[in-house]
Engineer: 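Can you read through this structure? Questions will come right after.
Note that the structure is a prediction, hence the values are computed from the model and not measured.
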Amino acid sequence: ADRMHFSQWLQWVFIGRFRALLAEEHPLPAQCDVAPMAEEALKELPQDTDALVALLASACDTSLVLLAHSRFTTGWYGARLMAVTAALVVLMSMLLAVARLHRQVRDWTPPEGFTVHPKVMPQLQRRATSITEGPIDWGTGEILAFGSLLMEGRPVRLAGQDSRRGTFVSRFATIIDRKNADEWTPLSSLTEDQAKFYVYDSLLSEYAALGFEYGYSVARPEALVLWEAQFGDFVNGAQTVIDEFITSGKTKWRQDSGVVLLLPHGYEGQGPDHSSARIERFLQMAADEAFVVAQPSTPASYFHLLRHHSLGEEHRPLIVFTPKSMLKRKEAASTPEEFTSGSFRPFIGDGDADPQKVDTLLLCSGRVTWDLMVDRAKRENPERFAIARIEQLYPRPLDDIKAEIARYPHLKEVRWVQDEPRNNGPWPHYALNAWSEVDATVVPVTRAESSSPSVGTVKRHQAEQKDLLDQAFA
């Protein structure tokens, strides 16, 4: 997607508006069934067509403006144009439907007699506004992924300890009436013909709950089935299910499962039992492309990952290391355009760096990306450093990494930066399987080896974090 020129977003607005104006002259092809959803979505958009044309002329490529002047001839409009834009029109209409659902709360039209908690209300109001105006945080991006899939006929099932609200008060998939404990699940009433949305707070057992969700995913391959740990650290309570079924079931029995594990992970000073979902364990078992390991760095990346997983041709387990503090981090938020354009990218290079000025490339994954971004801006000569992140840890995006390294003609050093100790996290797996394949020596910037995932005091954590960043930008 060429977001630099806002092309896909504005194309959709432009094409949608002209589709409404020219419907009689150039009707949609008979086989195209997106018209009703597109028309409904268009009601949410500006009505001034002249302003849209002027905006296209100033912001988009010449070919698009020429299309406007030619008024979309029947051949182009009926064939190629709709093929390119139909999916985008439908997707945007779905996002707007989710926004309208949450806007009910802002306009005080939840179910009759339902009382939303006053501390929950502002968060739902912000969510409704952010879907169309931005910025979009992690919880909202996830709701958009679920809602769009439901409207495309894909059942969604989520279970885990405190998953309806979200352990870190970010999801609000089900809202509880503060007076009588009635329940309201907005995603269950998007459209009349949507798929079913199931969301449960499970019992306090990782082993039993994950085992059930694995079996459910095998029995219902068309559904998006997710299990969430309260903290990623607790997933070790289900290690037998992971070892025997999730990571090896395909290789042993050719048994397909698309179960998704959501494992909150991040080093933020909460101690050794609330910091690590043990990335290294999953990567140690990673082979045969039997499952996917991902650590998205933005809500939009997470959104596209879930949709890619659910709608793609590959049916295999997905392990996602999800954030904690990054859930509301402003630097990590996404714009609406990032949801309506593009697709999931296993690797994201540094689009802001000047290749001619960079001599050090920092590779990373997940939450630490934003620590590096913020700290780089405070350093002298920040232009020396490029920051690229791996969104999909396995299968390894080696070609993308090689291409990023090749972008910098004056590169002196490549560093891998991670929060985890050196014997944890992605480093051991990549040191063994990846770095020998790239045209550079990769230097680790990590915490010291440790038998514990993290230290036990906030002060020691903060000191380690400062030292980590100093090493990264040395």
Side-chain angles (χ1 to χ4, degrees), residues 1-17 20 37-56 58-60 85 88-110 116 119-151 166 169-173 175 186-187 190-191 296-304 306-307 323 326-342 370:
D2 187 2
R3 295 196 298 272
M4 184 182 300
H5 298 291
F6 311 106
S7 58
Q8 294 212 31
W9 171 257
L10 290 178
Q11 279 186 48
W12 180 79
V13 174
F14 180 79
I15 292 165
R17 181 58 53 218
M37 297 184 73
E39 290 293 352
E40 183 65 22
L42 289 170
K43 295 176 184 177
E44 302 280 338
L45 299 174
Q47 302 297 312
D48 188 346
T49 303
D50 292 337
L52 288 175
V53 173
L55 191 57
L56 281 166
S58 64
C60 294
T85 61
L88 186 55
V89 172
V90 172
L91 177 57
M92 188 59 201
S93 68
M94 292 172 180
L95 303 191
L96 291 169
V98 177
R100 284 194 294 273
L101 230 290
H102 285 81
R103 194 174 293 123
Q104 288 181 359
V105 180
R106 185 178 64 188
D107 297 336
W108 195 246
T109 55
V116 180
K119 291 187 177 179
V120 174
M121 175 73 75
Q123 300 191 56
L124 299 179
Q125 292 171 338
R126 284 193 293 271
R127 173 173 290 177
T129 302
S130 72
I131 291 173
T132 52
E133 299 177 11
I136 295 175
D137 63 21
W138 189 275
T140 304
E142 181 184 67
I143 288 294
L144 289 175
F146 292 168
S148 64
L149 289 169
L150 291 167
M151 294 173 70
V169 196
S170 63
R171 182 173 290 123
F172 296 111
I175 303 160
L187 290 185
L190 289 167
T191 62
S297 61
T298 68
S301 182
Y302 179 46
F303 168 87
H304 288 298
L306 290 178
R307 287 182 55 80
M326 202 181 81
L327 290 167
K328 299 290 185 181
R329 188 161 184 167
K330 292 181 179 180
E331 298 92 352
S334 300
T335 65
E337 291 84 353
E338 291 175 295
F339 290 80
T340 56
S341 63
W370 304 107

Engineer: Which distance, rounded to the nearest 0.5 Å, do you find between the CG of L306 and the OG of S148?
Structural biologist: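 Reported to 0.5 Å precision, the distance equals 9.0 Å.
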Engineer: Ignoring hydrogens, what is the shortest heavy-atom contact between R127 and S170? Give both atom names and the distance.
Structural biologist: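 Heavy-atom minimum between the residues: NH2-O, 2.8 Å.
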Engineer: For the residue pair P299 and I136, what are the closest heavy atoms and their distance?
Structural biologist: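 That closest heavy-atom pairing would be CG-O, 3.4 Å.
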Engineer: I'd like to know if the side chain of E338 reaches the main chain of T335, judged simply by a donor and an acceptor atom lying under 3.5 Å from each other, with no hydrogens or angles considered.
Structural biologist: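 Answer holds: yes.
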Engineer: Could you give the distance from CZ (F339) to OG1 (T298), rounded to the nearest 0.5 Å?
Structural biologist: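 Answer for the CZ-OG1 pair, F339 versus T298, is 7.0 Å.
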Engineer: What residues form a side-chain hydrogen bond (donor to acceptor under 3.5 Å, both in side chains) with S301, not counting sequence neighbours?
Structural biologist: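 Result, side-chain hydrogen bond (donor to acceptor under 3.5 Å, both in side chains) vs S301: E391.
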Engineer: Can you find a pair of side-chain heavy atoms, one from M121 and one from L124, that are under 4.5 Å apart?
Structural biologist: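 M121 does not reach L124 side chain to side chain.
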Engineer: Any idea which heavy atoms bring F303 and G141 closest together, and the distance?
Structural biologist: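 Shortest heavy-atom separation between F303 and G141 comes out as CD1-O, 3.6 Å.
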Engineer: Apply side-chain contact (heavy atoms from CB on, under 4.5 Å) to A173 and list each qualifying residue two or more places apart in sequence or on a separate chain.
Structural biologist: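 R171, F197, V199.
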Engineer: Closest approach of V169 and F172, non-hydrogen atoms and distance?
Structural biologist: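 Heavy atoms only, the tightest pair is CG1-CZ, 3.4 Å.
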Engineer: Counting distance only, does the side-chain N/O of H304 pair as donor-acceptor with the main-chain N or O of S341 below 3.5 Å?
Structural biologist: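 Yes, the answer is positive, given that a donor and an acceptor are paired below the 3.5 Å cut-off.
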Engineer: Testing the basics here: between I175 and P186, what is the closest heavy-atom pair and its distance to 0.1 Å?
Structural biologist: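 Shortest heavy-atom contact: CD1-CG, 4.0 Å.
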Engineer: Among R126, K330, K328, find the one that has a salt bridge (charged side-chain N to carboxylate O under 4.0 Å, His left out) with D137.
Structural biologist: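 One option only clears the test, and that one is K328.
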Engineer: How long is the span from the CH2 atom in W370 to the CD atom in E331, to the nearest 0.5 Å?
Structural biologist: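 It comes to 7.5 Å.
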Engineer: Looking only at heavy atoms, what is the nearest atom pair of S334 and A300, with distance?
Structural biologist: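 That closest heavy-atom pairing would be OG-N, 3.0 Å.
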